[in-house]
There are 2 protein chains.
Amino acid sequence: MRADAQKNYDTIVATATLVFTEKGMDAPLDEIATRADVGPGTLYRHFPTREDLIDAVIKSWIAQIEAAAHDAVLSDSPAREVLLSWFAEYVARISRNKGGPSKFTSAMSNPQSPIFSKCEVLREANERVLDRFRVEGVIRADIDSLEVCRIIGGVAMVADQTGLDELTTASMLGVVIDGLLTT
Amino acid sequence: MRADAQKNYDTIVATATLVFTEKGMDAPLDEIATRADVGPGTLYRHFPTREDLIDAVIKSWIAQIEAAAHDAVLSDSPAREVLLSWFAEYVARISRNKGGPSKFTSAMSNPQSPIFSKCEVLREANERVLDRFRVEGVIRADIDSLEVCRIIGGVAMVADQTGLDELTTASMLGVVIDGLLTT
DNA sequence: TTGCTAAACGGAGAATGACTCCGTATACTG
DNA sequence: CAGTATACGGAGTCATTCTCCGTTTAGCAA
């Protein structure tokens with residue numbers, strides 16, 4: 001990539017990170033272009049769709065998600081506690097920016113989406129956590145990771161749209177967890 | 001109201017019902033105006049916000065919801081079965097038009113919304129169903145009707161956005177129900 | 001019937017946001 | 001340093017929301 005193109009690319013991603021934090025993931029793309037001091041054309045050339053831009057913005061997620069899942073797999077705290085903390089991390093991650101839960105939970109069922117591979121990281125991390133507890137026989141076996149991601153994503157969507165606090169969200173997650181546990 | 005105004009009002013509601021069914025609850029309002037053969041000004045005078053129009057379109061819901069809740073309260077089938085059928089009805093009702101689950105579940109937490117009172121009908125119907133099972137001691141007591149509506153609404157949102165079929169939706173509802181049951 | 005007036009109409013157009021097209025500018029290469 | 005592929009950028013189109021205000025008309029009273 002040409003040097004000026006690389007510079008613009010980086011500036012746009014940095015600006016998008018900022019604007020998404022301020023206004024959510026549905027923020028006007030033209031505003032991002034303006035604040036990054038590039039024309040709309042430049043933004044759209046680098047990122048044909050909003051999701052391409054989101055994909056670039058969330059690059060850093062993977063390590064953090066993997067770490068949280070790793071902790072959940074190894075932790076020897078009670079299953080309910082471990083799952084609550086893992087799901088809370090999951091929700092926090094996709095809810096970092098307003099509008100996030102809806103975007104990610106939709107993309108998870110759409111292999112064509114530019115952020116599908118990121119969603120797969122989420123789903124697979126969740127699968128490792130669930131597998132651990134399936135082996136231990138403490139959670140039901142008749143429901144797969146994708147379905148669990150959808151339910152948790154649903155809770156995150158409501159919390160995001162309604163502006164619910166973490167306590168209320170945790171309470172809802174508690175119901176879902178009890179529905180997953182066999183004990 | 002003047003006769004011509006009443007006629008336009010009725011035409012707009014009928015057209016909106018049609019267009020919402022075809023294109024979902026986020027359909028362009030100007031299209032509704034055009035197809036109802038009125039100017040945008042007329043539509044917006046009768047219905048200042050999209051939600052005012054939605055409110056008029058869903059007038060007929062109440063009776064059906066009340067009936068389903070009534071059945072759930074009186075049914076002597078197993079709790080799990082009754083709840084599944086009640087929640088499925090709940091989801092079907094708010095999902096009749098694309099975009100519905102999001103609108104209703106948001107409005108439920110916003111007393112200023114023009115459709116808040118309709119949402120209250122939903123929430124109260126759900127409360128009566130839950131109360132029956134609380135009395136019987138088969139569901140947990142530490143979670144109120146609003147929170148349950150939010151969880152079910154979350155499931156409905158995901159199903160709506162992702163285009164999930166009833167079977168998958170029912171499976172997710174099953175998890176939530178198991179999380180509510182104490183048995 | 002006619003004339004008056006409050007009520008209602010409707011469409012032009014402003015505001016916002018997504019997205020494109022293409023003439024211009026410039027980074028690299030030889 | 002000249003040539004060219006690469007990239008830029010902003011004017012402009014399209015879609016959608018929503019308003020303003022000049023025009024029309026329903027309903028009523030004389």
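Worth saying up front: this structure is predicted, and the values here are computed from it rather than measured. By convention in this document, chain letters (A, B, ...) are assigned in the order of the sequence lines, proteins followed by strands, and residues within each chain are numbered from 1. All heavy atoms count here, side chains included; hydrogens, waters and symmetry mates do not.
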Would you mind reading off the distance between [X] atom [atom1] and [N] atom [atom2], rounded to a whole angstrom?
X        : N       : atom1 : atom2 : value
Ile32(B) : dG11(C) : CD1   : P     : 17 Å
Glu51(A) : dC19(C) : CD    : P     : 11 Å
Asp4(A)  : dG9(D)  : CG    : C1'   : 13 Å
Tyr44(A) : dT20(C) : OH    : P     : 8 Å
Leu43(A) : dA7(D)  : CG    : P     : 15 Å
Leu29(B) : dA15(C) : CG    : P     : 20 Å
Gln6(B)  : dG27(D) : CD    : C1'   : 15 Å
Met1(A)  : dC28(C) : CE    : P     : 12 Å

Arg134(A) to Ile143(A) - nearest heavy-atom pair and separation: NH2-O, 3.0 Å

On the nucleotide [N], are OP1 or OP2 found under 4.0 Å from the side-chain N or O atoms that [X] carries?
X        : N      : value
Thr42(A) : dG9(D) : yes
His46(A) : dC8(D) : yes
Asn8(B)  : dC9(C) : yes

May I ask you to decide if [Y]'s main-chain N or O and [X]'s side chain share a donor-acceptor pair within less than 3.5 Å?
X         : Y         : result
Ser171(B) : Leu167(B) : no
Thr162(A) : Ser106(B) : no
Arg50(A)  : Met25(A)  : yes

For Arg50(A), which contact category applies under a 4.0 Å heavy-atom criterion: base, sugar-phosphate, or nothing? sugar-phosphate

Kindly state which residues belonging to residues 13-28 of chain B come within less than 4.0 angstrom of DNA chain C, counting heavy atoms of the residue only, listed by number. none

Under 3.5 Å, is there an N or O donor on one side and an acceptor on the other linking the side chain of Arg2(B) and the base of dA7(C)? yes

If you check the Asp30(A) side chain, which of dA7(D), dA18(C), dC28(C) turns out closest? dA18(C)

Can you identify which nucleotide, out of dC18(D), dC28(C), dA8(C), has its nearest atom closest to the Arg45(B) side chain? dA8(C)

Here's a test of your reading of the structure: between Thr49(B) and Tyr9(A), which maps to the more 5' nucleotide of DNA chain D? Tyr9(A)

Just checking Phe133(B) against Trp86(B), ring centres under 6.0 Å apart? no

Ion pair check, Asp26(A) and Lys98(A), cut-off under 4.0 Å: no

Determine, for Arg123(B) against Glu120(B), whether the closest basic-nitrogen to carboxylate-oxygen distance falls under 4.0 angstrom. yes

